[in-house]
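Heads up, the thing below is written out as structure tokens.
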Amino acid sequence: MIGAFAPERPRFTAPQEVATLNDDTARDEDPTLTGDLLEIHFMSERGASQDIWVSRRADLGSPWETPTVELAEKLNSADDDDTPAISNDGLRMWFFRKSEQQSGIWMSERASRGDPWGEPSYVDALNPGRDDGTQAMNPHVDLPELRAVIGLNGPETQGWDLAIASRERPEDDWGEFVPLAELSDAGDQLAPFLFDDGRQILFRSGDDLFWARRPGTNGAFEPPQALDEVNVPDARENDPYLSPDGSILFFSSERSGGTDIYEARRIAP
């Protein structure tokens, strides 16, 4: 059944472009949604820089509204802001900000879905190794907010590699980040999305999307498998987001010649 996380690799229908969200001449990527799938944030270059844009819809059967940057005003700056990751309830947002003063992962909060985002703050705990020149980006905090996965690039990595940290409760501090060495190779690994209580993960390796699993909530992941029905040759697939019930995959792709947002439906096992 859809929603029952099986240990086998999830499989999907042929991806479809989410045309309402995409601009014909700009790069649109990094989709992240609230748990009810009624609000989506994503990065777009349709403005003067890389900014976070927002779209909403009345219900799952309604089309997405025209994206706007105004609803994400506090998330954006004169610098590049991208790779947003929103909490399931839509009240917390983690994202990457490229700044000469303090590049790395930032966070913003809001009191309700109808309120504007608050002033973002730099998250020291999600930027490990920064004193040694390590860069962190592509944050993802899982649904119960007990695990955080990020991409790291620094003296101890092979390019961009994935690392994970955990905590006992959402109000606790993050523990130490541990490299996911079993998912790394000589290329770049980025855009992680952790689900199924930490037992399954989606991520980008090179130009393709991959899936991996592990038997428990800790320990090493088994060898990753490519999402063959989603990946296409000579195009980069990136930024996977899987709905809480596992039924819909959102991601970005260069298959159209630009970079646009797509969705695919999970095929029931």
Side-chain angles (χ1 to χ4, degrees), residues 21-23 25-32 40-54 67-87 92-110 116-141 148-165 174 177 179 184 187-193 203-207 236-241 251-254 258-261:
L21 300 177
N22 297 319
D23 183 271
T25 60
R27 184 159 62 103
D28 301 298
E29 58 185 22
D30 304 321
T32 182
I40 184 171
H41 289 68
F42 61 96
M43 190 285 292
S44 180
E45 289 185 332
R46 66 190 72 186
S49 63
Q50 295 181 9
D51 290 321
I52 297 172
W53 290 61
V54 188
T68 176
V69 74
E70 285 77 14
L71 293 175
E73 180 181 4
K74 288 293 182 67
L75 302 179
N76 297 311
S77 66
D79 301 304
D80 289 339
D81 302 285
D82 59 14
T83 67
I86 198 168
S87 62
R92 288 162 298 287
M93 176 75 77
W94 300 267
F95 64 99
F96 174 77
R97 172 170 291 174
K98 183 178 181 180
S99 167
E100 291 184 3
Q101 288 75 34
Q102 208 165 35
S103 288
I105 297 171
W106 294 61
M107 179 186 177
S108 177
E109 297 183 271
R110 58 184 178 181
W117 288 105
E119 197 67 42
S121 59
Y122 184 82
V123 186
D124 289 324
L126 296 182
N127 291 282
R130 61 194 179 278
D131 294 334
D132 297 327
T134 297
Q135 181 69 74
M137 70 177 302
N138 267 150
H140 175 247
V141 178
V149 193
I150 58 175
L152 291 177
N153 188 349
E156 303 299 322
T157 69
Q158 307 179 71
W160 286 100
D161 291 338
L162 303 180
I164 187 170
W174 290 109
F177 273 91
S184 299
D188 289 336
Q189 284 72 50
L190 275 170
F193 186 91
F203 65 100
R204 173 173 71 83
S205 180
D207 288 337
R236 171 171 289 181
E237 324 304 333
N238 206 359
D239 314 310
Y241 169 90
F251 66 103
S252 67
S253 176
E254 295 179 346
T259 304
D260 295 312
I261 296 172

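The figures here come from the full heavy-atom set of this structure, side chains too, leaving out hydrogens, waters and symmetry mates. Each residue takes its place number in the sequence, starting with 1.
Panel note: side chain N138, backbone A191; a donor-acceptor pair is recorded below 3.5 Å. Checked by atom type and distance alone, the side chain of N76 pairs as donor or acceptor with a backbone atom of I52 at under 3.5 Å.
Heavy-atom minimum distance, L126 versus F177: CD2-CZ, 3.7 Å. Between N238 and F251 the shortest heavy-atom distance is O-CB, 3.3 Å. Across all non-hydrogen atoms, the minimal contact from W117 to I86 is CZ2-CD1, 3.9 Å. The shortest heavy-atom contact between G104 and W106 is O-CD1, 3.2 Å. Across G118 and S108, no two heavy atoms sit closer than the pair O-OG, 2.7 Å. The two residues I40 and P31 have their closest heavy-atom pair at CD1-CB, 3.9 Å.
Note that the CG atom of L75 and the CZ atom of R110 stand 8.5 Å from one another [nearest 0.5 Å]. In this structure, CG on D81 lies 5.5 Å from CZ on F95, to the nearest 0.5 angstrom. Residue E73 holds its CD atom at 11.0 Å from CG of D51, rounded to the nearest 0.5 Å.
Scored by the side-chain hydrogen bond (donor to acceptor under 3.5 Å, both in side chains) test, T134 finds no partners at all (sequence neighbours excluded). Residues passing the salt bridge (Lys or Arg N to Asp or Glu O under 4.0 Å) test with D23: none are found, sequence neighbours excluded. Residues passing the side-chain hydrogen bond (donor to acceptor under 3.5 Å, both in side chains) test with N22 are E17, sequence neighbours excluded. Every residue meeting the side-chain hydrogen bond (donor to acceptor under 3.5 Å, both in side chains) condition with T68, not counting sequence neighbours, appears here in chain and number order: E70. Under the rule for a salt bridge (Lys or Arg N to Asp or Glu O under 4.0 Å), the partners of K74 that lie at least two apart in sequence or sit in another chain are E119. The ring-ring contact (aromatic ring centres under 6.0 Å, His included) check on F193 picks up H140, Y241, with sequence neighbours excluded. With sequence neighbours excluded, no residue forms a side-chain hydrogen bond (donor to acceptor under 3.5 Å, both in side chains) with N127. In terms of the side-chain contact (heavy atoms from CB on, under 4.5 Å) criterion, residue partners of E109 (sequence neighbours excluded) are, by chain and number, R92, M107. D207 is linked by a salt bridge (Lys or Arg N to Asp or Glu O under 4.0 Å) to R236, counting only residues two or more places apart in sequence or in another chain. For R27, the salt bridge (Lys or Arg N to Asp or Glu O under 4.0 Å) partners at least two apart in sequence or on another chain are E29, E45.
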For residues 149-160, run the donor-acceptor check on the side chains, cut-off 3.5 Å, and write out each pair with its distance to 0.1 Å, sequence neighbours left out.
residue: T157; atom: OG1; partner: G154; partner atom: N; Å: 2.9
residue: T157; atom: OG1; partner: G154; partner atom: O; Å: 3.1
residue: T157; atom: OG1; partner: G159; partner atom: O; Å: 2.6

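Defined by atom type and a distance below 3.5 Å, a donor-acceptor pair is present between the side-chain atoms of D239 and S252. No hydrogens or angles considered: a donor-acceptor pair under 3.5 Å links the side chains of D28 and S44.
Under the 6.0 Å cut-off for aromatic ring centres, F42 and W53 do not qualify, their centroids lying 6.0 Å or more apart.
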### Message
Determine whether D124 and W174 satisfy the following criterion, side chain to side chain contact (heavy atoms under 4.5 Å, CB included), listing intermediate values before the conclusion.
### Response
CA-CA 10 Å; D124 289 324; W174 290 109; over 6 Å; no
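Under the 4.5 Å side-chain criterion, counting only non-hydrogen atoms from C-beta, S77 is in contact with R97.
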